[in-house]
Amino acid sequence: NKLKNKAQSNQDDTIIGAYALVKEVCIRKLKISPFDVQIIGAIALDKGKMIEMQTGEGKTLVAVFAAYLNSLKENSVHILTFNDYLAKRDAAWMSPIYDFLGLSVGYINEGMSLEQKRKAYGCNITYAPAKEVGFDYLRSMIAYNSNERVTQSFNYAIVDEADAILIDEARNPLVLAGNLIESNINFKQVAGFAATLN
């Protein structure tokens, strides 16, 4: 609670206590001692910077530091992955750390029910494929009632595999398809009226 109060008042020394705590929990729960370069990467993430790490250098662990610190400042943190497998794996792998720190962790996968997604989005930390979060956001924005909404506010996100998500995947637009609701609207009349507008 002391760390949470400091984080919410934006004191810079919060990062020291928070990261020291996460490092100790990593050692105790996963038997992994984070390297200095991983902590430096986490500091950069918290400052909104993009970091580059090779496969096997511990990006998953680096994200935990920034996620924990920002969960103290915000209500929720999303860690956006490239696919379902990574979301589920990383959430399960890092959950002992989050559990010890008193945070709830969930993951989103394609094909989950609305209730399962709502529960996962309600966690402090949510791992999810970026594309799935995009579709969930679009579906929530066109929902006819609040029961169909699954996403909550987006406060802070960490993008894993940023090159793949922000460049490769970004070339493919997210499009929702479905049946049109029958109505008595004359679309030719609407188009004609729209043409008269400036």
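Of the inter-residue distances, the one linking Arg118 atom CZ with Asn147 atom CG reads 6.5 Å to the nearest 0.5 angstrom. Going from atom CD1 of Ile51 over to atom CD of Gln38 covers 9.5 Å, rounded to the nearest 0.5 Å. With values rounded to the nearest 0.5 angstrom, Leu21 atom CG is found 13.5 Å from Ile16 atom CD1. Distance CE/Met112 to CG/Asp84: 8.5 Å, rounded to 0.5 Å.
Relative ring orientation between Phe65 and Tyr19 is described as perpendicular, the plane-to-plane angle rising above 60° on a 0-90° scale split at 30° and 60°.
Within the structure, the side-chain hydrogen bond (donor to acceptor under 3.5 Å, both in side chains) test picks out the following pairs touching residues 86-98 (sequence neighbours left out): Tyr98-Tyr127. Sorted by first and then second residue, the salt bridge (charged side-chain N to carboxylate O under 4.0 Å, His left out) pairs involving residues 156-166 (not counting sequence neighbours) are Lys59-Glu161.
Centroid-to-centroid, the aromatic rings of Phe154 and His78 come within less than 6.0 Å.
You'll find the side chain of Val105 stays beyond 4.5 Å of the side chain of Cys123, heavy atoms only. Counting heavy atoms from C-beta outward, Leu61 and Ile97 have side chains that approach closer than 4.5 Å. The side-chain heavy atoms of Val133 and Ile108, taken from C-beta on, include no pair separated by under 4.5 Å.
Between Glu115 and Lys119 there is no salt bridge, since no side-chain nitrogen of the basic residue lies less than 4.0 Å from a carboxylate oxygen of the acidic one. A salt bridge does not link Glu110 to Lys131: none of the charged side-chain nitrogens sits closer than 4.0 Å to a carboxylate oxygen.
When all heavy atoms of Ala143 and Arg149 are compared, the pair lying nearest together is CB-CG, 3.9 Å. Heavy atoms only, all atoms of each residue included: Val62 and Gly41 are closest at CG1-C, 3.8 Å. Of all non-hydrogen atoms in Val77 and Ser71, the two that sit nearest each other are CG2-N, 3.6 Å. Minimum interatomic distance between Met50 and Ala162 (heavy atoms only, all atoms of both residues): CE-CB, 4.0 Å.
Side-chain heavy atoms closer than 4.5 Å link hydrophobic residues (I, L, V, M, F, W, Y) into clusters, and following such links, even through other members, never connects Phe35 to Val22.
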Pair Tyr121, Asp136 - check side-chain hydrogen bond (donor to acceptor under 3.5 Å, both in side chains), show working. CA-CA 10 Å; Tyr121 280 119; Asp136 287 341; 2.8 Å; yes
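Asn155 and Ser76 are linked by a side-chain donor-acceptor pair at a separation below 3.5 angstrom, with hydrogens and angles left out of the test.
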